[in-house]
Protein chains: 2
Amino acid sequence: MTSPLVTILDDEPEIRRILTETLEDAGFRTQSFARAREFEAALNRVTPDVCLVDLSLPDTDGLALVHRLALEQGAAVIIISGRAQVQDRVTGLELGADDYITKPFDPAEVVARVRARLRSGPRTAAPASETARFSGWTAHFDRYMLEDDTGAETPFSHAEGEVLRLFLDSPKRLISRAQMQEALGGAAGESFDRAMDVRISRLRTKLREDPKNPRLIKTIYGAGYIFLGDVDWA
Amino acid sequence: MTSPLVTILDDEPEIRRILTETLEDAGFRTQSFARAREFEAALNRVTPDVCLVDLSLPDTDGLALVHRLALEQGAAVIIISGRAQVQDRVTGLELGADDYITKPFDPAEVVARVRARLRSGPRTAAPASETARFSGWTAHFDRYMLEDDTGAETPFSHAEGEVLRLFLDSPKRLISRAQMQEALGGAAGESFDRAMDVRISRLRTKLREDPKNPRLIKTIYGAGYIFLGDVDWA
DNA sequence: TGCCTTGCGTAACAAGCTGTAAAACAAGAG
DNA sequence: CTCTTGTTTTACAGCTTGTTACGCAAGGCA
C-alpha cells in the first residue's frame with residue numbers, strides 16, 4: 001500500500017502550487033512539471049499512478065501526451081483544461097483520459113476525483129530507477145547520496161537534488177534560468193532568483209568542480225547553464 | 001465478450017429515454033429504472049458494468065445506494081445529479097462514485113465518460129500481513145514487538161507502530177510530513193505536528209539508529225522522510 | 001483507592017538547511 | 001582600460017528538525 005504518486009503538468013506556477021499543496025495534504029506524493037519535455041524526461045524514471053495534465057500547454061500537443069500516458073504508461077490521466085466545450089471533453093476522454101476537469105476548479109473536487117481514479121484500479125506504480133551515473137559519479141536519489149568514483153559517498157540536500165535532477169534529466173542542453181525557476185517551483189522575477197545561483201554553487205562544490213574550469217556544470221553567460229557529461233539512468 | 005451493460009436509474013422518463021437511446025446507439029446494452037427499489041431488485045439478477053444514478057430520487061437515499069453499489073457490487077458508478085455544488089460532488093465521489101455529471105448534461109459526454117469507466121478494469125482488494133522483515137529486524141505488529149537479528153525482542157508502542165507501519169508500507173520513498181499527519185490521523189497545521197518528530201525520534205532509538213548516520217530513517221530537510229532498507233512483508 | 005509504571009504530547013534548546021543580502025569576481029561592450 | 005552587467009561566493013538570519021526534559025493521563029497491582 002505504498003502511497004500513490006500524482007504528477008502535475010501545468011505551466012502556471014500558481015496552479016502547480018495549489019495542486020501540490022492540496023494533494024500532499026491529502027496524503028499523496030506529488031511531482032510537478034512546467035513543461036511537457038521535462039515531464040516526459042522524468043517518465044523514464046518515474047511511473048505515476050495519476051497524472052494531472054493541463055491541455056493548453058505551449059510546447060507540445062497535450063492530447064498526444066495524454067494518449068501516450070494512458071496507453072503506454074498505464075497511468076490514470078485527468079485532464080485539467082480551460083476549455084469547457086463539450087466537444088473538447090469528449091475528445092479528451094476518447095483519447096484515453098479518465099476524467100476531465102475544467103478550470104476554474106475546486107481543489108477539494110480534484111482530490112476527490114484523484115481518489116476515485118485510484119479506487120478503480122490499483123495499478124500501483126513500479127518502483128522507479130533512482131540512480132544515475134555520470135562522469136565517474138553516481139547519484140542515488142533514493143538515499144540522497146552522491147557516490148565518488150572511489151566509492152566514497154557524500155550526502156546532498158533536497159534543494160541540491162532538485163537542481164541535480166533537472167540537469168540529469170536534460171544533459172547537454174541549455175537550461176535557461178527561467179526554466180530552472182519554473183521547474184524548481186518558484187514564481188519568477190523576484191530577488192528569489194539569486195537563491196538558484198546559490199543552489200548551483202553549493203552543488204558545484206559537492207561535485208568538486210573547479211570554478212575556473214567547470215567540467216560538468218557550465219555557465220553560459222547571459223543565457224543559462226549546460227550540464228556536460230553523459231548520463232545513464234541505470 | 002458481450003457488449004457492456006449500463007443501467008440507468010432516474011425518475012424522469014425523458015432523461016431515461018435520452019440516455020437509453022444515446023447509449024444504445026453507442027453500442028451498449030441498457031436497462032433503465034425509475035425507482036431505487038426496482039433497481040435493487042434487479043441487482044439480484046444482473047450485474048451491470050456501469051451504473052448511471054440520479055441522486056435526487058424520491059424513494060431512497062441515493063448516496064446509500066451508491067455506497068452499496070460501489071463497494072458490494074463492484075460496479076462503476078456515475079452520479080448524474082441536478083446539484084452542482086462542489087460539496088455535493090465531493091461527497092458523492094468520496095462515497096465511492098467513480099464520476100459525477102451535473103444536469104443539464106450532453107449525451108455525448110455521458111457516453112465518453114461511460115467508455116472511460118469501462119476502460120479501467122474491475123477492482124480488487126489486497127490481503128494484509130502482520131510481520132515485516134527489514135535489514136536484520138523483524139516487526140511483529142500483532143504482538144507490538146521488534147525482533148533483533150539475534151532474536152532479542154523489544155516492545156514498541158502503538159504510536160511508534162503507526163509510524164513504523166507507514167514507513168514499511170512505502171520504503172525507499174519520500175514521505176512528506178503532510179502524508180504522515182494524514183496517516184496518523186491528525187489535522188495538519190497545529191502545534192500537533194511536533195509530536196510526530198518525537199515519535200520518529202523514539203522509533204529511531206528503538207531501531208538503534210545513529211543520529212549522525214541514519215541507516216534506516218533519513219530526514220529530508222523541508223520535504224519529509226525516507227525509509228531505506230528492503231522490506232519483506234512475510 | 002493510592003502508588004507506580006508506561007505511553008505520549010508539549011516545551012525548550014541545539015543543530016542544520018535554505019534563502020537573502022552584500023561583497024567579490026568574471027565577461028563583454030565601448 | 002574602464003564600465004556595466006551578470007554570476008559566484010561568503011555571511012547571516014530565519015525556519016525546520018532532533019533531542020531531552022517534563023507533565024499529564026491510562027492502566028496494573030497491592
Side-chain angles (χ1 to χ4, degrees), chain A residues 17 21 24 144-146 154-164 167 174-181 184-227, chain B residues 143-146 153-164 166-167 174-181 184-227:
Chain A
R17 197 188 60 73
E21 197 171 299
E24 297 215 331
Y144 285 79
M145 279 293 187
L146 206 47
T154 40
F156 58 86
S157 77
H158 186 65
E160 287 153 6
E162 280 188 315
V163 178
L164 182 57
F167 280 134
L174 179 72
I175 301 177
S176 74
R177 291 171 116 59
Q179 270 175 290
M180 267 207 177
Q181 305 219 120
L184 305 188
E190 307 167 33
S191 73
F192 171 83
D193 55 357
R194 295 263 70 78
M196 214 185 50
D197 301 58
V198 180
R199 283 182 174 196
I200 290 177
S201 170
R202 297 206 245 247
L203 181 60
R204 276 211 253 241
T205 67
K206 294 229 166 146
L207 287 171
R208 303 197 204 117
E209 288 269 280
D210 177 13
K212 301 285 200 179
N213 215 34
R215 306 184 202 226
L216 288 171
I217 303 175
K218 184 156 186 174
T219 307
I220 310 300
Y221 190 94
Y225 300 91
I226 278 189
F227 186 85
Chain B
R143 272 183 287 150
Y144 286 83
M145 278 294 185
L146 204 48
E153 293 199 341
T154 39
F156 59 85
S157 75
H158 182 68
E160 286 154 4
E162 279 188 315
V163 178
L164 182 56
L166 191 62
F167 279 134
L174 182 73
I175 301 176
S176 73
R177 266 154 189 284
Q179 275 174 280
M180 272 212 172
Q181 306 217 116
L184 306 188
E190 309 168 30
S191 72
F192 172 82
D193 54 358
R194 306 293 283 109
M196 214 184 50
D197 300 56
V198 182
R199 265 145 99 134
I200 289 177
S201 173
R202 288 181 179 137
L203 181 59
R204 277 212 253 235
T205 67
K206 294 226 168 149
L207 288 171
R208 303 196 204 118
E209 288 269 279
D210 176 14
K212 297 287 196 182
N213 222 41
R215 313 220 242 174
L216 288 173
I217 303 175
K218 182 152 184 173
T219 306
I220 312 302
Y221 185 97
Y225 300 90
I226 279 189
F227 186 86

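Chain A is the first sequence line, chain B the second, and so forth, proteins listed ahead of strands; every chain is numbered from 1.
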Scan nucleotides 20-28 of chain D nucleotide by nucleotide, 5' to 3', and note B when protein non-hydrogen atoms come under 4.0 Å of the base, S if they reach only the sugar-phosphate, - if neither. -B-------
Reading 5' to 3' through nucleotides 25-30 of chain C, protein heavy-atom contacts under 4.0 Å coded B for base, S for sugar-phosphate only, - for none: -SBS--
Checking A:Tyr221 now: which residues fulfil side-chain contact (heavy atoms from CB on, under 4.5 Å) with it, not counting sequence neighbours?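 Residues passing side-chain contact (heavy atoms from CB on, under 4.5 Å) with A:Tyr221: none at all.
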With nearest nucleotides of DNA chain C determined for B:Gly222 and B:Pro155 from heavy-atom distances, which residue corresponds to the more 5′ nucleotide?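 The residue mapped nearer the 5' terminus is B:Pro155.
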A:Glu160 or B:Ser157, whichever maps to the more 5' nucleotide of DNA chain C: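 Between the two, 5'-proximity favours B:Ser157.
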Rounded to whole angstroms, how far apart are [atom1] on [X] and [atom2] on [N]?
| X | N | atom1 | atom2 | answer |
| --- | --- | --- | --- | --- |
| A:Leu203 | D:dT7 | CG | P | 17 Å |
| A:Phe156 | C:dT18 | CZ | C1' | 16 Å |
| A:Gln181 | D:dT7 | CD | C1' | 14 Å |
| B:Ile217 | D:dT17 | CD1 | C1' | 14 Å |
| B:Arg204 | D:dT19 | CZ | C1' | 10 Å |
| B:His158 | C:dG9 | NE2 | C1' | 15 Å |
| A:Glu162 | C:dT18 | CD | P | 9 Å |
| B:Arg208 | D:dT19 | CZ | P | 16 Å |

Side chain to side chain contact (heavy atoms under 4.5 Å, CB included) between A:Glu162 and A:Phe167, worked out: CA-CA 9 Å; A:Glu162 280 188 315; A:Phe167 280 134; over 6 Å; no
Roughly how far, to the nearest 0.5 Å, is the CG atom of B:Leu166 from the CE atom of B:Met196?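 CG of B:Leu166 is found 9.5 Å from CE of B:Met196.
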Measure the spacing between CD1 of A:Ile217 and CG of A:Leu203 and express it to the nearest 0.5 Å.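 Going from the CD1 atom of A:Ile217 to the CG atom of A:Leu203 covers 4.5 Å.
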Any pair counted as side-chain hydrogen bond (donor to acceptor under 3.5 Å, both in side chains), so long as it reaches residues 201-211 of chain B, sequence neighbours left out: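 Residue pairs passing side-chain hydrogen bond (donor to acceptor under 3.5 Å, both in side chains), neighbours aside: B:Asp148-B:Arg208, B:Glu160-B:Lys206, B:Arg204-B:Thr219.
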Using five base pairs at each end to define the local axes, how bent is the helix from C:dT1-D:dA30 to C:dG30-D:dC1, to the nearest 10°?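 The helix from C:dT1-D:dA30 to C:dG30-D:dC1 shows an end-to-end axis angle of 10°.
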Exercise: identify the closest heavy-atom pair between A:His158 and A:Tyr144: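 Taking every non-hydrogen atom into account, ND1-OH, 3.0 Å.
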Exercise: identify the closest heavy-atom pair between B:Leu174 and B:Ala223: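 Minimum heavy-atom separation between B:Leu174 and B:Ala223: CD2-CB, 4.1 Å.
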Could you list the residues that satisfy side chain to side chain donor-acceptor pair (under 3.5 Å) with A:Ser176, not counting sequence neighbours?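 Counting only residues at least two positions away or on another chain, A:Ser176 forms a side chain to side chain donor-acceptor pair (under 3.5 Å) with A:Gln179.
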I'd like to know whether B:Ile200 forms a side chain to side chain contact (heavy atoms under 4.5 Å, CB included) with B:Met180, so could you lay out the CA-CA distance, the side-chain angles of the two residues, the decisive distance to 0.1 Å, and finally the verdict. CA-CA 11 Å; B:Ile200 289 177; B:Met180 272 212 172; 4.0 Å; yes
Nearest to the side chain of B:Ala195, heavy atoms from C-beta on, is which of C:dT10, C:dT20, C:dT18?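 Nearest listed nucleotide: C:dT10.
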Go through D:dT9, D:dT17, C:dG19 for me and flag the one nearest to the A:Asp197 side chain.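 Minimum distance to the A:Asp197 side chain belongs to D:dT9.
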B:Ile175 vs B:Ile226, side chain to side chain contact (heavy atoms under 4.5 Å, CB included): CA-CA, chis, key distance, verdict: CA-CA 6 Å; B:Ile175 301 176; B:Ile226 279 189; over 6 Å; no
Has the side chain of A:Arg194 got a donor or acceptor atom sitting under 3.5 Å from an opposite partner on the base of D:dG6?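 By the distance-only test, no, there is no pair.
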Name the nucleic acid region contacted by B:Tyr225, choosing base, sugar-phosphate or nothing; use a 4.0 angstrom heavy-atom cut-off, strictly under.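 Result for B:Tyr225 = sugar-phosphate.
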So what does B:Tyr144 hit on the nucleic acid, given a heavy-atom distance under 4.0 Å: a base, only sugar-phosphate, or nothing?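 The residue B:Tyr144 makes no contact with any strand.
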For side chain to side chain contact (heavy atoms under 4.5 Å, CB included), just list the numbers for A:Tyr225 and A:Ile220, CA-CA rounded to whole Å, side-chain angles, deciding distance to a tenth of an Å, and then say yes or no. CA-CA 5 Å; A:Tyr225 300 91; A:Ile220 310 300; over 6 Å; no
Would you say A:Arg215 has more than 12 foreign heavy atoms packed within less than 6.0 Å of its CZ?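 For A:Arg215, atom CZ is not crowded (no more than 12 foreign heavy atoms under 6.0 Å).
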Between A:Thr219 and D:dT8, does any side-chain N or O lie under 4.0 Å from OP1 or OP2?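 True: A:Thr219 side-chain N/O within range (under 4.0 Å) of D:dT8 OP1/OP2.
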Both B:Ile220 and A:Ile220 contact DNA chain D. Taking the nearest nucleotide for each, which residue is further toward the 5' end?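 Looking at the nearest nucleotide for each, A:Ile220 comes out on the 5' side.
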